[in-house]
Structure formats: C-alpha cells, structure tokens
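Have a look at the structure below, then the notes.
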Amino acid sequence: MRPPLSRDLGIDLGTANTVVYARNEGVILREPSWIARRTDSGEILAVGDEAKRMIGRTPANIVASRPLRQGVIADFETTTAMLAYFIRKGTTRRTLRRPVAVVGVPWGATRVERKSFIEAVEQAGARQVTLVDQPLAAAIGAGLPVFEPVGSMVVDIGGGTTEIAVVALGGIVAAKSIPIAGDAMDAAIIQYCRQAYNLHIGERTAEEIKIALGSAAPTADQRKGEVRGRDVVSGMPRSVQISDAELREALAGPVAAIVEAVRQTLELVPPELAADLGVRGITLVGGGALLRGIDRVLAEETGMTVVVGSDPLSAVALGTGKVLEELDLYRRVAPRTH
C-alpha cells in the first residue's frame, strides 16, 4: 500500500497544554506544554507529560519550563524543539511529505508574534502554516454558526490568556484578550496559602488543588483538602487543610477580571448583534471553563445564558481541524498563510 502524502495537523499550541488534531482522524494528542532540558548541554530530556512530572524535582543542571507565556512564544528555540516533538508524535514515518499545519494564535498577538509562530512551526517540521485566531477557532470547534448573519459569543479561558470574541459572518466583530486565566488562578492560590498559612506551595500543587476544590460560586457540598508545602518561617515541610470557601476567596480576583472583560467586550457589540447574544447566550471553552460555578457567575453578572461547550478542552484544536479539512472554504477565516 502506498503511504499517504502527509498527515496534516491542526494545533492548539497553548500556554498550559498542546492539543493536536489530525486530518480526518480527530484529536490524537493532548499533552502539557512543558519541556525539560540540561542547562549545560541544552540536551532535551523530556517533553509533555514526562517533563511536567519533573516540576520542582530536578537538580540544578536540569530545568523544566514552559516556553510559552500568556499565549505567545517566550523562548523560540525551546518552543521549536517542543513543537518538533509533538509533530513527530502526531505524524507517521510512512508519510511522503511534511504536514500542513493550521495553528491557533491569540487574538491579540502582534505581527511579530504571529511571524514567530509561523517560523517555529515550520522549523519544527511543517511545510506550510496557516494561522487562525484562537477565539474564532474556539467558536468553530464549539459548533457555533460562525458564517451565519447572527452573533455568537465565545469565552476561551486558557492557561495564559482569556480570549473573548463575538463572531458573525465568518469574522470577529468584537474581541478582547486579557493575560488572566488558569495561570493567574494558580498564582492567586499560591499567594493565598502564603498569606493565610505562611505556606509556600508550587505551581503544580496549586493547579491540583484548584482542580480538586476550586469553584467560582458556592457549591452544595462543602469540601476540604490537604495542601502540602514548605513553611515560610521554619523552612520545614508542612501541610494544612484548606476549604473550598477559602479557594473561592483566593480565586475571586481572577474571576472578577474575566467577568469584567466579558462586560467590556459586550459594550463593543453593535445593537443588532447584542440582541442575538441575548437570545443565543455565551459559550465557555478552555480549561478554565471547568472551574465549578464560573458559568453561573457569568450568567448572574451579565444576565445572559451561559453554557459550557461539549468538549471545552478540545475546542480550539477541533476548530483548527475544521479549518484544515476545508481550508479553501475557510480562507477568509484564516487569511494569514505562509
């Protein structure tokens, strides 16, 4: 049997996680956007899940890091190495050509930042790269009618940024991107534990307790969990019990900032589309959409219906995949091609 020409990919290159979609196959890879390498030789030791497990447990000559910050490339060389790993993992050796890639980028990315994405993906192994704005990809992936003459609103709460957009007739009518999302929530939890308990915890611990106990609104059951870290005063290991109510207090700031950004975006919407949104509501996607009660808070603060997408973690990747599979049709959605 003749091998396929190429296994083309849609890529959601996120600050926290990378999700890869293969043409006609669906999502084939979902791993943390982490890479571990030696500081002396630059040798890459691990990428993805394996690298994330090394956080806080490496000797001085090994660094585990995320090469993207707030949705854009902070370390070009490391990002390229990480992407090369994901592209190799997402393609097969039997393909005859390098893949075409459609990549989601933050709506607020500058021309220079967009060029960096193209160059990084090309150097990582793609022969052609098309960029699509993440909130538009998220709307497509969530199944919203982006080409119809009606307004649809999507809020994508990722790791580094929250992307908010109102889309209609294949384009973005109003949008806002803020550097407050999952990472800011983790930082808020770290700060709360330090101030309330003199306990220093790491990013991974903060993320784990956020997933286990975090909420934006009161829940029916009151829960507590154990948090382990280092005592700020003595330097000794220590653990404390923290409640879901305390975590809500810690997360109140980032949640309020996201709500305010949604309000500001709504103020930019023309009256006709605002009427559509009043009927259609808001769709939440991204990892932050899984924070308990955040849909309820947004609904109460905006007076609109808010629903969490059916597959919030894959929405952007699914959107890039749909663009990939009908690239000619979506040229006006993703005009930046190289």
Quick check for you: to the nearest 0.5 Å, what is the distance between [X] atom [atom1] and [Y] atom [atom2]?
| X | Y | atom1 | atom2 | answer |
| --- | --- | --- | --- | --- |
| Asp40 | Asn61 | CG | CG | 5.5 Å |
| Ile209 | Thr205 | CD1 | OG1 | 9.0 Å |
| Leu291 | Ile211 | CG | CD1 | 10.5 Å |
| Leu247 | Arg292 | CG | CZ | 10.0 Å |
| Ser33 | Asp12 | OG | CG | 8.0 Å |

Side chains of [X] and [Y]: does their closest heavy-atom pair fall under 4.5 Å?
| X | Y | value |
| --- | --- | --- |
| Val285 | Val155 | no |
| Ile11 | Thr320 | no |
| Leu199 | Val232 | no |
| Met153 | Val167 | no |
| Pro106 | Val72 | yes |
| Lys210 | Ile189 | yes |
| Ile55 | Trp34 | yes |
| Leu9 | Val103 | no |

Minimum heavy-atom distance between [X] and [Y], given as atom pair plus value:
| X | Y | answer |
| --- | --- | --- |
| Ala174 | Leu268 | CB-CB, 3.9 Å |
| Met82 | Thr18 | CE-OG1, 4.3 Å |
| Ala250 | Tyr192 | CB-CB, 3.7 Å |
| Ala36 | Met54 | CB-SD, 3.5 Å |
| Val154 | Pro135 | CG1-O, 3.4 Å |
| Ile35 | Ala81 | CD1-CB, 4.1 Å |

Check whether [X] reaches the backbone of [Y] with its side chain - one donor and one acceptor, N or O, closer than 3.5 Å.
| X | Y | result |
| --- | --- | --- |
| Arg66 | Pro32 | no |
| Asp75 | Pro67 | no |
| Thr302 | Leu298 | yes |
| Thr15 | Gly71 | yes |
| Glu325 | Asn24 | yes |
| Thr219 | Ser215 | no |
| Arg127 | Ala101 | no |
| Thr58 | Ile62 | yes |
| Thr110 | Glu113 | yes |
| Arg223 | Ala212 | yes |

Does [X] come within less than 4.0 Å of [Y], counting only side-chain N to carboxylate O?
| X | Y | answer |
| --- | --- | --- |
| Asp133 | Arg114 | yes |
| Glu31 | Lys89 | yes |
| Asp244 | Arg248 | yes |
| Glu208 | Arg204 | yes |
| Arg98 | Glu122 | no |
| Glu25 | Arg7 | yes |
| Arg53 | Glu50 | no |

- [ ] Dump the intermediate steps for side chain to side chain contact (heavy atoms under 4.5 Å, CB included) on Val255 and Val297, then the final yes or no.
- [x] CA-CA 9 Å; Val255 170; Val297 170; 4.1 Å; yes
- [ ] Kindly indicate, with the supporting measurements, whether the criterion side chain to side chain contact (heavy atoms under 4.5 Å, CB included) is fulfilled by Val121 and Leu83.
- [x] CA-CA 7 Å; Val121 179; Leu83 270 168; 3.8 Å; yes
Open item on the list: Test side chain to side chain contact (heavy atoms under 4.5 Å, CB included) on Leu318 and Val27; report intermediate values, then the result.
Closed with: CA-CA 7 Å; Leu318 291 171; Val27 173; 4.1 Å; yes
- [ ] State which residues pass salt bridge (Lys or Arg N to Asp or Glu O under 4.0 Å) with Arg23; sequence neighbours excluded, sorted by chain then number.
- [x] Asp8
TODO: Could you list the residues that satisfy salt bridge (Lys or Arg N to Asp or Glu O under 4.0 Å) with Arg280, not counting sequence neighbours?
DONE: none
If two hydrophobic side chains count as joined below 4.5 Å and joins carry through other members, does [X] share a cluster with [Y]?
| X | Y | result |
| --- | --- | --- |
| Phe117 | Val316 | no |
| Leu136 | Ile164 | no |
| Val146 | Val323 | yes |
| Ile28 | Ile87 | yes |
| Val240 | Ile190 | yes |

Task: Greater than 12 external heavy atoms within 6.0 Å of Arg228's CZ - done: no
Task: CD (Gln222) with more than 12 external heavy atoms under 6.0 Å - done: no
TODO: Tell me, with the steps shown, if Glu207 and Lys52 meet salt bridge (Lys or Arg N to Asp or Glu O under 4.0 Å).
DONE: CA-CA 12 Å; Glu207 182 184 22; Lys52 188 174 182 179; 2.9 Å; yes
- [ ] Take Thr79 and Leu68 through the test side chain to side chain contact (heavy atoms under 4.5 Å, CB included) and record every step on the way to the result.
- [x] CA-CA 7 Å; Thr79 299; Leu68 288 96; 4.2 Å; yes
Open item on the list: Apply side-chain hydrogen bond (donor to acceptor under 3.5 Å, both in side chains) to residues Thr78 and Arg37 and explain how you reach the verdict.
Closed with: CA-CA 9 Å; Thr78 306; Arg37 63 195 313 167; 3.1 Å; yes
Task: Gln195: partners by side chain to side chain contact (heavy atoms under 4.5 Å, CB included), with sequence neighbours left out - done: Gln191
Task: Short side-chain donor-acceptor distance under 3.5 Å, Gln123 and Thr80 - done: no
TODO: Evaluate the side-chain hydrogen bond (donor to acceptor under 3.5 Å, both in side chains) criterion for residues Glu163 and Ser177: first the C-alpha distance (whole Å), next the side-chain angles of each, then the deciding distance (0.1 Å), finally the verdict.
DONE: CA-CA 5 Å; Glu163 305 271 312; Ser177 176; 2.6 Å; yes
Open item on the list: Here's a test for you: under side-chain hydrogen bond (donor to acceptor under 3.5 Å, both in side chains), which of Glu246, Arg238, Gln241 qualifies with Tyr197?
Closed with: Glu246
